[in-house]
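I have placed the structure first, in the form of structure tokens, so that the comments after it can refer back to it.
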Amino acid sequence: MSLESIIIWLVLGIVAGWIAGKIFRGAGFGLVGNIIVGIIGSFVGGWLGGALGIAGAATGGFSLASVLTAVAGALVLLFLISLIKK
């Protein structure tokens, strides 16, 4: 993974964390916490998308597939953390 890809996933993670926080209302960690979860979730989602062969998920570019993958990863991570938090 190149430096450019890492930076793109960081930016996607910030956006994904914000979107996931809006979708997962009430179970989030505030703006900063959701952004951090989004960044981690975007890397997890990108890795899983690439491992599962989802086209466009691990390309490292801005595309609808990469945004959806990052948001999905952030949502899954928020969900898992909320289960542990209870």
Side-chain angles (χ1 to χ4, degrees):
M1 188 178 274
S2 69
L3 180 61
E4 180 182 325
S5 294
I6 292 171
I7 292 171
I8 289 171
W9 278 109
L10 284 173
V11 172
L12 281 173
I14 290 169
V15 173
W18 180 78
I19 293 171
K22 295 294 181 187
I23 294 171
F24 218 82
R25 194 172 295 230
F29 301 99
L31 180 62
V32 174
N34 287 345
I35 288 173
I36 292 170
V37 169
I39 291 170
I40 296 168
S42 71
F43 281 102
V44 170
W47 176 77
L48 280 174
L52 296 174
I54 298 173
T59 59
F62 287 107
S63 67
L64 182 60
S66 62
V67 171
L68 291 176
T69 301
V71 170
L75 283 171
V76 167
L77 198 56
L78 274 176
F79 175 72
L80 292 174
I81 292 172
S82 72
L83 287 177
I84 294 170
K85 199 171 132 179
K86 290 182 181 181

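Minimum heavy-atom separation, Ala74 to Ala16: CB-O, 4.0 Å.
Here the rule is side-chain contact (heavy atoms from CB on, under 4.5 Å) with Val71, and of Thr69, Leu68, Leu75 only Leu75 fits it. Ile81 pairs with exactly one of Ile84, Leu78, Leu77 by the side-chain contact (heavy atoms from CB on, under 4.5 Å) rule, that one being Leu77.
The CG atom of Leu3 sits 4.0 Å away from the CD1 atom of Ile7 when rounded to the nearest 0.5 Å. Rounding to the nearest 0.5 Å gives a distance of 12.0 Å between CD1 of Ile14 and CD1 of Ile19.
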